Visitor: 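Pasting in a structure now, in structure tokens, and then I'll have a few things to ask.
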Amino acid sequence: MSTSFWKPGSARPGSSLDRSSEASSPLITSSSSPNTLPIHSSRLAILHALSSNPILILSAPTGSGKTTQLPLILHTDGYPSIIACTQPRRLTAISSASRVSSLLSSPLGSTVGYTIRFETNTSSETSIIYMTPGTLLRECIRDPLLTRYSVVVVDEAHDRGVESDVLLGVLKKVVRKRKDLRVVVSSATMEVEAFRDFFEEDGVTVLQIAGGKKFDVEVAYLKEPCEDYVRETVETIWRIHTDEPQGDILAFLTGRDEIDSALQQLSDRQLDLPASAARLHLLPLHSGLSTEDQTAIFPLPPSRAMRKVVVATNIAEASITLDGIVYVVDCGLVKTRNSGEVVDDVRVEAISRASAIQRAGRAGRTRPGKCFRLYTEEVFLKEMRRSSIPEVQRTDLSSTILLLKSLGIDNLVKFPWVPPAPTAKNLASALEKLHTLKAIDDHTRLTTTGMWMSELPLPPHLARILLSSATEPFLCCSEILSILCMLSVTSAFFAPESAETQLSKRSFSAQEGDFLTLLNVFLAFSRNGRSRKWCNLHRLNFSVLSRAVSIRGQLERYLERFSSSAEGYHLQPKSSALRTPDAVERIHKCLLTGLYPNLARYNPSTLSYTLSASNQLVHVHPTSTFFNRQPPHGKRWIVFAEATRAREDKVYIRDLCVLDDLDWLISAVPGVYKVETRWGGTGGKGSIVHTSGEGDDM
Ligand code: ADP
Ligand code: MG
């Protein structure tokens, strides 16, 4: 199959975005040193703006130095305390920090460092910290005026992630109280007017840096729409490899399955290449990978004769510079997630023009580049929306609201949301969830439990489970800590679905369910001296398990800190419950305090499971103890940690255990379910009724 592209002479990335200046960028062919980047010619204007107004909105094309140079300029100019620079994604917080450290020839973690969830690399000398907006928000709980910082740069503001939006609202409040704090909102593709209006009464300067020195990115569109974008991506990568000069390739697809399939096809094709031909060095990039595997995209390929091909989801869309990328292949689509009660509604949708420009901007950063858009120019100009839909419109807001409450912001309607504000319905359902999790009381006031939940670096439902484990009647803190840290990392087994791994897994496998299997793995790792050799023997990933140990240590430290004011809590992370006869039951009951909505019912006549909340058909994930197995002892209800939508829209549930007795639900989350016993007996015959919904036969 061959597809024809055409290259509009005038259309450079961004040519149709009103405020984007990318179209006017002159072609530069020499290598640029960091000090000649466009941001430097505007250095004085930036410093002057910040001395006159507390807020600066900085719009400058991709590659002009916003992410890596702006914090350095502010640091060099002598801003007295730490400069925070937020990045929507963890990977870019790390990669930006490493780039800036290497520019200063100082080790990462000294002058420049980063902080992301479960991982900090800073020291007492650190003056520039790259972090995620969520990390900075959580810091506000303990230091509401952010006194550690003199400037906060909210980078990639166009991303409109809920945490960066909320951070802007919080910063708006902080600058009113702290006259010395400076805030920079930056992006190449944001809607400048919306942000300017938002900050209007607080003193704001808008600076739009145009053109300047950067490399040209030539854009080619398809003449006709393509039918199969994964195949088209593979074809385009292959054509670049065979027809175009040297240079690495970055391609965008929507998810892990597509990425794996594209990489497999490319790898198969390579087999037919003559021995003398250059090989492809193929790398995936998606959020399912560990940070370590994600950063594998940065080094040069193992041999100079190889062409690196990174196939990524939109996590590579902004802030990343992969030295050597000359070609970008953009399928024009993205997977979006709309929170549902149990299963998120995941859709593949067209990206915005802002995203398309960011994607193209990944080429041409260290040399001229080319971007192949697998859609027509007409789609780009006429059908794509200008910018992304704010996440606040489609996400579960419970953790956001918990955070705002812990910052003392009780009136959620009056909070300065970057428009559009969340709907009343969204706010109400988040409040209801927080109430069930005991984070707020009947008057929607934050409880002590809620306060701690907001500080813990876990989503609210998992934080609730951890805190429940330290209370009567559960008292299984040590085991829950181990289970939660295992749930917080990627699968500890190599190739979890392979037959060899399944065999090894069997030696850890617990009949009672996957949570205890995770616990067994964690305990065995600790018992065997946390040794790499032991891991290899059992097809376990040493670095994943070491990370789990580190996460457990961090969570333990939170509990130690809470324990000074912990009335009614038995925060004893070190004493094991396993010696008591009902330990397993207590662990499972405790998990229900957070996982209560995640119920599925086994139907013996169809040998399948359906969700209790929606009757939707779900499949047990192949990595589960219950895969291809009936629940034991004629039980019909199971609880799961996660439901994910995969290929062909099939929903898989993973990390399961059996619900022995429906009464467990009543005690775990009083008021949410009602159980009506019909003919009694220990088999739990009865029906379960969601208090706000229909009955469901047992
Ligand atoms: P912006 O945030 O405005 O898109 P950056 O600060 O990320 O710009 O990068 C500016 C320029 O610095 C890039 O175009 C590139 O030339 C150079 N650069 C940044 N990071 C790296 C890196 N890791 N390796 C090589 N060059 C880099
Ligand atoms: Mg950037």
Side-chain angles (χ1 to χ4, degrees), residues 13-14 20-22 25-43 46 56-75 83 85-89 91-105 108 112 114 128 130 132 153-159 164 184-190 207-217 247-248 250 294-300 308 310 314-326 328 354-355 357-369 371:
S20 168
S21 43
E22 297 209 61
S25 313
L27 179 74
I28 302 286
T29 46
S30 65
S31 176
S32 71
S33 99
N35 290 334
T36 59
L37 289 167
I39 207 102
H40 285 278
S41 27
S42 304
R43 185 178 153 269
I46 291 169
L56 168 64
I57 293 172
L58 180 70
S59 167
T62 59
S64 50
K66 299 179 297 301
T67 303
T68 57
Q69 295 301 308
L70 178 65
L72 263 182
I73 291 176
L74 301 171
H75 170 63
I83 294 153
C85 181
T86 71
Q87 295 294 320
R89 303 188 190 279
L91 177 65
T92 49
I94 301 178
S95 66
S96 310
S98 359
R99 165 70 177 169
V100 181
S101 303
S102 71
L103 286 178
L104 294 178
S105 312
L108 185 57
V112 185
Y114 66 87
I128 300 175
Y130 286 88
T132 52
V153 180
V154 181
D155 197 14
E156 312 296 358
H158 70 276
D159 187 72
S164 94
V184 183
V185 183
S186 60
S187 167
T189 50
M190 66 184 151
L207 206 56
Q208 303 201 41
I209 301 176
K213 287 184 179 177
K214 67 187 282 293
F215 303 101
D216 187 51
V217 178
D248 296 337
L250 172 65
Q294 290 186 355
T295 44
I297 61 165
F298 291 106
L300 293 172
K308 178 160 73 179
V310 179
N314 68 328
I315 75 171
E317 189 172 288
S319 275
I320 278 191
T321 299
L322 280 167
D323 197 10
I325 293 291
V326 170
V328 167
S355 287
I357 291 164
Q358 291 286 348
R359 289 181 178 189
R362 296 312 105 201
R365 293 177 74 78
T366 55
R367 63 192 86 173
C371 173

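All values reported here derive from a predicted model rather than from experimental measurement. Whatever order the structure lists ligands and atoms in, that order sets their numbers, starting from 1.
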Visitor: Can you sort out which atoms of ligand 1 are near K66, meaning under 4.0 Å from one of its heavy atoms?
Guide: 1 (P), 2 (O), 3 (O), 4 (O), 6 (O), 8 (O)
Visitor: Enumerate the atoms of ligand 1 whose separation from the nearest heavy atom of T366 is less than 4.0 angstrom.
Guide: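 Atoms satisfying the 4.0 Å criterion: 25 (C), 26 (N).
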Visitor: Heavy-atom contacts with S64 under 4.0 Å: which atoms of ligand 1 show up? List them by number with element.
Guide: 1 (P), 3 (O), 8 (O)
Visitor: Taking only non-hydrogen atoms of A60, do any sit less than 4.0 angstrom from ligand 1?
Guide: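 Judged by the 4.0 Å heavy-atom criterion, A60 does not count as contacting ligand 1.
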Visitor: Given 3.5 Å as the limit, does a donor-acceptor pair link the side chain of K308 with the main chain of I297, or not?
Guide: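 Side chain of K308 to backbone of I297: a pair is present.
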Visitor: Check ligand 1 against T62 and write out every atom of the ligand that is under 4.0 Å from a heavy-atom position of the residue.
Guide: 4 (O)
Visitor: Below 4.5 Å, heavy atoms only, C-beta onward: do Y114 and V100 meet side chain to side chain?
Guide: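 Y114 vs V100: side chains apart.
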Visitor: Output, in order, the C-alpha distance, side-chain angles, deciding distance and verdict of side chain to side chain donor-acceptor pair (under 3.5 Å) for R99 and T68.
Guide: CA-CA 7 Å; R99 165 70 177 169; T68 57; 5.1 Å; no
Visitor: Restricting to salt bridge (charged side-chain N to carboxylate O under 4.0 Å, His left out), what partner residues turn up for R362, sequence neighbours left out?
Guide: none
Visitor: Counting N and O atoms only, with roles assigned by atom type, does the side chain of K66 sit under 3.5 Å from a partner on the main chain of P61, one being a donor and the other an acceptor?
Guide: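 It does hold such a pair.
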Visitor: Report yes if S319 has an N/O atom closer than 3.5 Å to an N/O atom of ligand 1; otherwise report no.
Guide: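 No, there is no polar N/O contact under 3.5 Å.
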Visitor: Select the closest option to atom 20 (N) of ligand 1 among E156, Q358, R99, judged by heavy-atom distance.
Guide: R99
Visitor: Are any of the N/O atoms in D155 less than 3.5 Å from those in ligand 1?
Guide: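 In this structure, D155 places no N or O atom under 3.5 Å from an N or O of ligand 1.
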Visitor: When rounded to the nearest 0.5 angstrom, what distance separates CG in L108 from OG in S98?
Guide: 5.5 Å
Visitor: Using a plain distance cutoff, I'd like to know if R362 has any nitrogen or oxygen under 3.5 Å from a nitrogen or oxygen of ligand 1.
Guide: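 No.
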Visitor: Considering distance alone, does some N or O of L37 sit under 3.5 Å from an N or O of ligand 1?
Guide: no
Visitor: Checking S96 against Q87: is there a side-chain donor and acceptor pair closer than 3.5 Å?
Guide: no
Visitor: So what's near the Mg ion (ligand 2), protein N, O or S atoms under 2.8 Å?
Guide: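 Sorted hits: T67 OG1.
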Visitor: For ligand 1 and G63, I'd like to know whether there is a polar contact (N/O to N/O, distance under 3.5 Å).
Guide: yes
Visitor: Judged by modelled atom types alone, do E156 and S187 share a side-chain donor-acceptor pair under 3.5 Å?
Guide: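 No pair is found: no donor N or O on one side chain lies under 3.5 Å from an acceptor on the other.
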Visitor: Ligand 1 and D323, any nitrogen or oxygen pair closer than 3.5 angstrom?
Guide: no
Visitor: Is there a donor in the side chain of T62 and an acceptor in the side chain of Q358, or the other way round, less than 3.5 Å apart?
Guide: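 Not at all, the side chains of T62 and Q358 share no donor-acceptor pair under 3.5 Å.
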Visitor: Between NE2 of H158 and OG1 of T189, what distance do you get to the nearest 0.5 Å?
Guide: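 Atom-to-atom, H158:NE2 and T189:OG1 are 4.0 Å apart.
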Visitor: Hey, does the side chain of S42 reach the backbone of I39 with a donor-acceptor pair shorter than 3.5 angstrom?
Guide: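 No, because the side chain of S42 does not come within donor-acceptor range (under 3.5 Å) of the backbone of I39.
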Visitor: Which of the atoms in ligand 1, numbered in the order shown and given with their element, are less than 4.0 Å from a heavy-atom of P61?
Guide: 3 (O)
Visitor: Quick check: do V184 and V154 have side-chain heavy atoms less than 4.5 Å from each other?
Guide: no
